[in-house]
Amino acid sequence: MLKALLISNNIEGLENYFCSNEYVHYTIYHITKDFDPDLDLYDLLVVPNGSDHVAMLKIKNKVLQFLNNGKSLICCDGWFTNWVPGNQWRMDNSRKTIDVRYFVKDDPHGFFDELDVNEFIFSHGISGYWACGYIDAAPLATVILEDTWQRPIVVLDEHTTSGIIFLTASAPLGDTTYSNASKENESGLIKLYRNVIHYLLTVKKETHV
């Protein structure tokens with residue numbers, strides 16, 4: 001099981017998307033003016049959509065040390081401050097959403113296996129809803145998903161630090177399957193997040209053999 005620290009900006013309903021289960025146990029850490037989490041007890045740091053990236057910038061060095069200790073980071077939100085090692089999110093609304101398409105570029109771990117990419121492109125027939133902007137990816141990072149203009153949308157970075165960094169270009173992910181309030185079917189968004197969790201579990205098991 002992964003021990004995950006979930007950063008919360010006190011957004012209502014966040015706990016429904018990150019319920020502890022047989023694969024991962026979440027500890028929710030709420031951002032306050034004294035924000036200074038202890039990351040040492042955790043395998044995974046999850047920074048979801050709607051997070052406070054000014055607060056994350058304050059613990060930039062802690063995050064770097066956490067990753068250099070072989071731990072993992074999932075960030076599914078546009079980080080406008082420079083706290084993610086080696087990778088930077090860029091806001092860009094200069095392109096028409098009607099022209100936005102996403103394409104799997106390089107998926108060595110099969111995160112998008114058996115997923116319909118159209119679920120990430122269209123919502124109620126409207127394209128480009130899922131990502132806002134793009135990622136300036138680290139030189140050795142793997143670009144898993146790119147957009148119409150070959151800009152990175154989903155990135156896996158296993159080289160910048162000793163740990164694993166999984167990033168989306170502000171595209172929210174989570175898993176409502178384990179929530180008592182959930183009435184949703186398993187969408188591609190849920191399956192993608194779960195695929196990442198299962199990969200991190202595999203890596204953890206291999207590391208501790």
Side-chain angles (χ1 to χ4, degrees), residues 2-21 24-69 71-93 111 120 123 129-138 141 144-145 151-157 160-161 163-176 178-179 181 187 189-190 192-194 196-197 200:
L2 294 170
K3 293 179 290 184
L5 186 67
L6 175 66
I7 302 301
S8 172
N9 200 26
N10 301 305
I11 295 175
E12 185 177 355
L14 186 67
E15 67 280 358
N16 292 328
Y17 287 83
F18 300 95
C19 296
S20 295
N21 55 74
V24 54
H25 181 274
Y26 294 100
T27 297
I28 299 178
Y29 193 100
H30 296 277
I31 292 178
T32 67
K33 63 183 180 66
D34 301 315
F35 180 66
D36 189 24
D38 181 358
L39 305 181
D40 291 342
L41 299 176
Y42 303 97
D43 308 302
L44 171 63
L45 176 63
V46 180
V47 183
N49 196 48
S51 294
D52 185 338
H53 296 288
V54 173
M56 292 305 301
L57 183 63
K58 294 178 181 178
I59 62 166
K60 174 180 179 178
N61 292 335
K62 274 192 170 186
V63 173
L64 177 59
Q65 185 60 56
F66 174 79
L67 289 165
N68 278 332
N69 287 338
K71 306 300 182 67
S72 301
L73 164 69
I74 296 176
C75 178
C76 301
D77 193 22
W79 64 99
F80 56 87
T81 63
N82 184 24
W83 68 267
V84 177
N87 301 267
Q88 183 61 58
W89 175 75
R90 305 294 182 190
M91 169 65 183
D92 186 355
N93 60 3
F111 293 147
F120 302 82
S123 178
Y129 82 101
W130 189 54
C132 180
Y134 61 96
I135 299 170
D136 272 344
I144 298 173
L145 200 73
R151 302 179 306 181
I153 300 299
V154 176
V155 167
L156 179 70
D157 186 352
T160 299
T161 69
I164 299 173
I165 303 173
F166 181 85
L167 306 166
T168 66
S170 74
L173 291 179
D175 188 351
T176 58
Y178 305 97
S179 169
S187 68
L189 303 177
I190 290 173
L192 175 58
Y193 182 81
R194 190 180 301 162
V196 175
I197 292 295
L200 297 180

If you take all heavy atoms of [X] and [Y], which pair is closest and at what distance?
X	Y	result
I11	S8	N-OG, 4.2 Å
T176	I190	OG1-CD1, 3.4 Å
A131	S170	C-OG, 4.0 Å
D52	V54	OD1-N, 3.0 Å
T168	C76	OG1-CA, 3.1 Å
G133	A169	O-CB, 3.8 Å

Between atom [atom1] of [X] and atom [atom2] of [Y], what is the distance when rounded to the nearest 0.5 Å?
X	Y	atom1	atom2	value
L14	I28	CG	CD1	6.0 Å
K33	K58	NZ	NZ	10.0 Å
L173	I74	CG	CD1	8.0 Å
T27	Y42	OG1	OH	4.0 Å
D175	N16	CG	CG	11.5 Å
C75	I7	SG	CD1	10.5 Å

Going by side chain to side chain donor-acceptor pair (under 3.5 Å), name the residues that satisfy it together with [X], two or more places apart in sequence or in a different chain.
X	value
Y26	Y193
Y134	none
N21	none
D36	K62

Kindly write out the residues that satisfy side-chain contact (heavy atoms from CB on, under 4.5 Å) with [X], not counting sequence neighbours, or none if the list is empty.
X	value
N49	D77, P172
S72	L44, I164, L200
Y129	S123, L189
D34	T32

Please assess L5 against K71 for the test side chain to side chain contact (heavy atoms under 4.5 Å, CB included), listing each intermediate value before the final yes or no.
CA-CA 11 Å; L5 186 67; K71 306 300 182 67; over 6 Å; no
D38 (side chain) donor-acceptor with D40 (main chain) under 3.5 angstrom:
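Yes.
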Counting N and O atoms only, with roles assigned by atom type, does the side chain of D43 sit under 3.5 Å from a partner on the main chain of K3, one being a donor and the other an acceptor?
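Pair found, side chain donor or acceptor close to backbone of K3.
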Answer whether the closest heavy-atom distance between the side chains of [X] and [Y] falls below 4.5 Å.
X	Y	result
L145	W130	yes
P48	F18	yes
F120	V154	no

Under 3.5 Å donor-acceptor pairs involving side-chain atoms of residues 80-90, not counting sequence neighbours:
unit_1, atom_1, unit_2, atom_2, d
T81, OG1, H53, O, 2.6
W83, NE1, H53, ND1, 3.0
N87, OD1, A138, N, 2.9
N87, ND2, P85, O, 3.0
N87, ND2, D157, OD2, 3.0
Q88, NE2, W79, O, 2.8
W89, NE1, C132, O, 2.7
R90, NE, D136, OD2, 2.7
R90, NH2, D136, OD2, 3.3

Would you please name every residue forming a ring pair (Phe, Tyr, Trp, His ring centres under 6.0 Å) with F166, sequence neighbours left out?
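Partners of F166 under the ring pair (Phe, Tyr, Trp, His ring centres under 6.0 Å) test: F111.
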Assess the residue pair N69 and Q65 against the criterion (side-chain hydrogen bond (donor to acceptor under 3.5 Å, both in side chains)); give the C-alpha distance rounded to whole Å, side-chain angles, the decisive distance to 0.1 Å, and a yes or no.
CA-CA 6 Å; N69 287 338; Q65 185 60 56; 3.0 Å; yes
